[in-house]
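The structure appears right after this line, and notes come after that.
Along the sequence shown, residues carry numbers from 1. Owing to the predicted nature of the structure, the values given are computational and were not obtained by experimental measurement.
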Amino acid sequence: MPSLQRYSTFGLSASCDSLQSFTDVASFLSLFKAHKNNTNKAIYILGGGSNSIFTDDFDGTILVNEIKGISHFDTESHHYLRVGAGENWHDFVTLCVNEKWYGFENLALIPGSVGASPIQNIGAYGREVNAFIDKVECVLLETGEQILLTNEDCQFGYRDSVFKHALANKVLITHVNFKLPKHYELETSYGELATLTEPTPEKVYSKVIEIRKSKLPDPSELGNAGSFFKNPVVKRAVYQAIAQDYKTVPHFVVSGSADLPANEQEQIKIPAAWLIDQAGFKGKTLNKVRCHPTQPLVLTNLGGATGSDVITMAKEIIASVKNQFGILLEPEVRLLGNKGLISL
């Protein structure tokens with residue numbers, strides 16, 4: 001059985017029945033159809049493996065998306081880019097900065113593939129990728145039909161999109177089309193970026209890389225899947241209750257839904273790392289899984305960790321934060337058992 005260890009940055013020992021890659025839509029459809037016709041076992045499409053953790057041997061087929069290619073054209077006001085879903089995200093960001101196609105610099109060094117970026121609506125240091133997504137090209141798994149989704153169709157939210165809801169496990173993302181304005185304001189208000197003097201896109205790009213390297217472990221050196229949990233977004237009343245006991249609780253105001261009553265429209269994002277730290281897990285080790293000592297939002301594989309170790313640690317964190325703050329943390333990573341996605 002093929003090993004999945006190098007196909008997930010967390011690096012757990014796991015295998016699958018069959019492991020195959022595809023480089024275009026035609027080869028994907030051929031593989032997908034053959035699997036459907038010959039077996040009723042599970043199938044999972046994998047990108048860069050930075051957001052998927054195989055907690056058990058996978059009883060089915062893994063298809064790895066290696067659709068590549070980057071094309072560019074521009075108008076007086078914008079740069080337009082069509083990017084294969086299998087391209088490495090950070091390599092793509094680096095190319096854009098080098099070519100002076102600006103906008104992505106805050107999102108440097110985020111692990112994973114371009115195809116994963118709209119699913120997660122990846123974001124960092126005050127920017128979210130949905131601000132620059134024009135259209136997303138997909139294949140409907142049920143019919144093989146190729147469709148084009150607009151930015152609005154994608155229903156982007158904080159670390160959220162239609163690909164986690166109505167289209168979850170129903171489409172393959174083949175290409176992402178980006179639209180970058182030639183004139184826009186740099187985002188330097190978040191965290192340490194505010195210390196930059198005379199900021200440029202290049203300076204933001206370099207600073208983000210410096211910050212991430214200082215706080216986050218390199219998956220090639222220490223197995224991890226980046227941020228394990230989402231930063232929770234709560235009603236202002238919940239935040240205020242916490243702030244009564246914790247005067248220095250970090251928080252960021254986010255806009256709520258216009259459908260909510262006026263007093264509930266403003267919502268507050270509280271960093272999950274702070275909640276986990278306050279619950280006493282920063283640097284804590286359980287078997288071979290460790291809550292990272294400089295960034296408790298990241299769980300790491302110290303070597304030889306098992307899926308059970310990961311699940312146990314995650315559940316302990318969730319229960320402790322819920323008990324202490326009344327906030328239910330949600331995993332940002334995708335956890336896979338032997339039959340497919342599992343929930344904590």
>> Among Leu81, Val93, Asp74, exactly one meets side-chain contact (heavy atoms from CB on, under 4.5 Å) together with Trp101. Which residue is that?
In response: Leu81

>> Testing Leu172, Ile43, Asn37, Val139 one by one against Phe32 for a side-chain contact (heavy atoms from CB on, under 4.5 Å), which residue passes?
In response: Ile43

Are any of the side-chain heavy atoms of [X] and [Y] separated by less than 4.5 Å?
X      : Y      : result
Ile270 : Val249 : yes
Phe28  : Ile45  : yes
Pro118 : Val136 : yes
Ile53  : Leu12  : yes
Val64  : Gln20  : no
Val129 : Phe178 : yes
Ile318 : Leu344 : yes
Ser52  : Tyr44  : yes

Classify the side-chain pair [X]/[Y] by whether it contains a donor and acceptor separated by less than 3.5 Å.
X      : Y      : result
Asp153 : Thr150 : yes
Arg212 : Tyr125 : no
Thr200 : Glu198 : no
Asp59  : Asn338 : no
Thr300 : Asn224 : no
Gln267 : Tyr158 : no
Gln295 : Lys282 : no
Asp309 : Thr306 : yes
Asn121 : Asn130 : yes

Could you list the residues that satisfy ring pair (Phe, Tyr, Trp, His ring centres under 6.0 Å) with [X], not counting sequence neighbours?
X      : answer
Phe228 : none
Phe229 : none
Phe58  : none

[Y] backbone acceptor or donor facing [X] side chain under 3.5 Å:
X      : Y      : value
Lys182 : Thr75  : yes
Ser206 : Lys203 : no
Asp57  : Ser15  : yes
Asn151 : Ile133 : yes
Lys164 : Arg159 : yes
Asn88  : His90  : yes
Lys100 : Val97  : no

In Å, rounded to the nearest 0.5 Å, how long is the span from [atom1] of [X] to [atom2] of [Y]?
X      : Y      : atom1 : atom2 : answer
Leu186 : Asn106 : CG    : CG    : 7.5 Å
Cys138 : Ile147 : SG    : CD1   : 5.0 Å
Asn51  : Thr9   : CG    : OG1   : 8.5 Å
Ile122 : Ser117 : CD1   : OG    : 5.0 Å
His72  : Glu99  : NE2   : CD    : 8.0 Å

> Between Glu192 and Lys215, is there a side-chain N and carboxylate O pair less than 4.0 Å apart?
Replying inline: yes

> Using 4.0 Å as the upper bound for N to carboxylate O, is an ion pair formed by Glu137 and Arg82?
Replying inline: yes

What about [X] and [Y], same hydrophobic cluster or not, with Ile/Leu/Val/Met/Phe/Trp/Tyr joined at side-chain heavy-atom distances under 4.5 Å?
X      : Y      : result
Leu107 : Leu196 : no
Ile62  : Ile67  : no
Val310 : Tyr7   : no
Leu275 : Tyr246 : yes
Leu222 : Ile211 : no

Can you see which heavy atom on [X] is nearest to which on [Y], and at what distance?
X      : Y      : value
Asp56  : Ala14  : O-CB, 3.7 Å
Val254 : Ile268 : CG2-N, 4.3 Å
Leu19  : Ser3   : CD2-O, 4.1 Å
Pro250 : Pro271 : O-CD, 3.3 Å
Gly337 : Ile342 : N-CG2, 3.8 Å
Asn301 : Gly11  : ND2-O, 3.4 Å

> Would you say Lys68 has more than 12 foreign heavy atoms packed within less than 6.0 Å of its NZ?
Replying inline: yes

> Would one find more than 12 heavy atoms of other residues, nucleotides or ligands at under 6.0 Å from atom NZ of Lys288?
Replying inline: no

> Got a sec, which residues hit side-chain hydrogen bond (donor to acceptor under 3.5 Å, both in side chains) with Gln146, two or more places apart in sequence or on another chain?
Replying inline: none

> Got a sec, which residues hit side-chain hydrogen bond (donor to acceptor under 3.5 Å, both in side chains) with His165, two or more places apart in sequence or on another chain?
Replying inline: Asp160

Determine the interplanar angle of the [X] and [Y] rings, folded into 0 to 90°, and report it as parallel if under 30°, tilted if 30 to 60°, perpendicular if over 60°.
X      : Y      : value
Tyr190 : Phe252 : parallel
Phe104 : Trp89  : perpendicular
Tyr80  : Phe73  : parallel

> Can you list the steps and then say if Tyr102 with Glu202 is a side chain to side chain donor-acceptor pair (under 3.5 Å)?
Replying inline: CA-CA 9 Å; Tyr102 298 134; Glu202 288 80 7; 2.4 Å; yes

> Passes salt bridge (charged side-chain N to carboxylate O under 4.0 Å, His left out), Glu105 versus Arg127? Steps please.
Replying inline: CA-CA 9 Å; Glu105 47 278 352; Arg127 285 277 189 221; 5.5 Å; no

>> Asp17: which residues meet the salt bridge (Lys or Arg N to Asp or Glu O under 4.0 Å) condition with it, sequence neighbours left out?
In response: Lys41

